[in-house]
Amino acid sequence: MTRVRVKTAAAAPTNRWKGPEGLANHEENEMKFLISMHINPAVLDALTDQEKAAIGDGHGGFIEALKQSGELITTLALVDPSQAAVVSVRNGQPVVTDGPFLEAKEYLGGFYLIDCESKERAIELAAQIPDTAIEGLGVEVRQVMFADGQLEA
């Protein structure tokens, strides 16, 4: 595969991206954050059934607390990446291959989309996720820059 480097004019860095029709959607989403959970299957495999159950129970309690506070927009857990399909289009035809796009020992396991008062609050919430207490599992907090669709919060 040939890679082409495209030279572009330098621009001042910005956190603002104008969405469809030039709308500055960043302001509308300033307090929405994606808390993503990254999984290392070897770490999970090393846990006892009791430890795995405690993580599940912890997520259940966390979800209920977010619902009570009104900060939960949605949460999704994803299947193992071995069940993924990678889609590309070549010569106008879709080409589908099995498995993950990236070969890595860690993968995105799921996420919480929240609406809260600040980044500090999002970090405070993320610290309550049971995965943060386990070496080898990662939780990342990223602010939403643009959103469209059926966000209810």
Side-chain angles (χ1 to χ4, degrees), residues 1-6 8 13 15 17-20 25-26 28-116 118-153:
M1 174 162 99
T2 305
R3 295 187 185 259
V4 177
R5 181 172 287 200
V6 178
T8 58
N15 287 334
W17 176 72
K18 296 199 180 229
N25 291 297
H26 181 67
E28 296 171 18
N29 298 295
E30 282 190 75
M31 298 305 150
K32 289 183 177 64
F33 294 88
L34 184 78
I35 301 174
S36 56
M37 292 161 292
H38 301 274
I39 295 174
N40 181 327
V43 171
L44 287 183
D45 290 344
L47 298 176
T48 66
D49 289 342
Q50 185 178 10
E51 290 168 325
K52 291 175 188 175
I55 290 172
D57 292 344
H59 278 282
F62 182 66
I63 290 167
E64 285 307 311
L66 286 175
K67 286 179 181 178
Q68 291 293 318
S69 70
E71 294 169 304
L72 179 67
I73 297 172
T74 193
T75 184
L76 296 173
L78 304 173
V79 298
D80 186 275
S82 65
Q83 298 179 44
V86 177
V87 180
S88 57
V89 176
R90 300 293 177 260
N91 299 319
Q93 297 297 312
V95 177
V96 180
T97 55
D98 293 334
F101 178 71
L102 297 174
E103 295 292 336
K105 64 180 180 179
E106 294 93 6
Y107 61 87
L108 177 65
F111 64 86
Y112 291 95
L113 182 60
I114 62 170
D115 190 348
C116 62
S118 66
K119 183 176 183 179
E120 291 73 24
R121 174 64 177 156
I123 291 169
E124 177 185 324
L125 290 169
Q128 297 173 28
I129 295 173
D131 304 39
T132 60
I134 299 172
E135 181 93 20
L137 301 183
V139 175
E140 178 183 53
V141 175
R142 292 179 68 183
Q143 188 172 1
V144 173
M145 185 168 58
F146 170 78
D148 196 1
Q150 298 180 352
L151 298 181
E152 294 186 18

Can you tell me how far CG of Leu108 sits from CD of Glu140, rounded to the nearest 0.5 angstrom?
9.0 Å

If the condition is side-chain contact (heavy atoms from CB on, under 4.5 Å), which residues does Val87 pass it with, not counting sequence neighbours?
Val96

Summary of salt bridge (charged side-chain N to carboxylate O under 4.0 Å, His left out) pairs that have at least one residue in residues 55-67, sequence neighbours excluded
Glu64-Lys67

Least distance between heavy atoms, Leu137 atom then Ile39 atom:
CD2-CA, 4.0 Å

Applying side chain to side chain donor-acceptor pair (under 3.5 Å), which residue pairs with at least one partner in residues 38-47 are found, sequence neighbours left out?
Ser36-His38

Residues passing the ring-ring contact (aromatic ring centres under 6.0 Å, His included) test with Phe62, sequence neighbours excluded, are Tyr112

Could you give me the CA-CA distance, side-chain angles and deciding distance for Phe111 and Leu76, then say whether side-chain contact (heavy atoms from CB on, under 4.5 Å) is met?
CA-CA 6 Å; Phe111 64 86; Leu76 296 173; 3.4 Å; yes

Any residue meeting side chain to side chain donor-acceptor pair (under 3.5 Å) with Glu106, in chain and number order, not counting sequence neighbours
none

What residues, two or more places apart in sequence or in another chain, satisfy side chain to side chain donor-acceptor pair (under 3.5 Å) together with Ser69?
Glu71

Set of residues satisfying side-chain contact (heavy atoms from CB on, under 4.5 Å) with respect to Val95, sequence neighbours excluded:
Ser88, Arg90

Run the side chain to side chain donor-acceptor pair (under 3.5 Å) test against Asp131 and tell me which residues pass, sequence neighbours left out.
His59

Any chance you could lay out the side-chain contact (heavy atoms from CB on, under 4.5 Å) test for Thr75 and Leu113, step after step, and finish with the verdict?
CA-CA 6 Å; Thr75 184; Leu113 182 60; over 6 Å; no

Could you state the interatomic distance from CD (Gln143) to CG (Leu34), rounded to the nearest 0.5 Å?
11.5 Å

So Ile55 and Ile134, side-chain contact (heavy atoms from CB on, under 4.5 Å) or not? Walk me through it.
CA-CA 10 Å; Ile55 290 172; Ile134 299 172; 3.1 Å; yes

Listed partners of Thr97 passing side-chain contact (heavy atoms from CB on, under 4.5 Å), at least two apart
Val86

What residues, two or more places apart in sequence or in another chain, satisfy side chain to side chain donor-acceptor pair (under 3.5 Å) together with Glu51?
Thr48

Leu72 and Thr74 have their tightest heavy-atom pair at CD1-O, 3.5 Å

Between Phe33 and Cys116 the two heavy atoms that sit nearest each other are CD1-SG, 3.8 Å

Under the side-chain contact (heavy atoms from CB on, under 4.5 Å) test, residues paired with Asp80 that sit two or more places apart:
Ser82, Gln83, Tyr107

Minimal non-hydrogen separation, Gly136 against Val43, with atom names:
CA-CG2, 3.9 Å

For atom NZ of Lys119, decide whether the heavy atoms of other residues, nucleotides or ligands shown that lie under 6.0 angstrom number more than 12.
no

Please evaluate residues Ile114 and Ile73 with respect to the criterion side-chain contact (heavy atoms from CB on, under 4.5 Å), reporting the C-alpha separation (whole Å), side-chain torsions for both, the decisive distance (0.1 Å), and the verdict.
CA-CA 5 Å; Ile114 62 170; Ile73 297 172; 5.8 Å; no

For the student: nearest non-hydrogen atoms of Ala126 and Thr132, plus distance
O-CG2, 3.3 Å

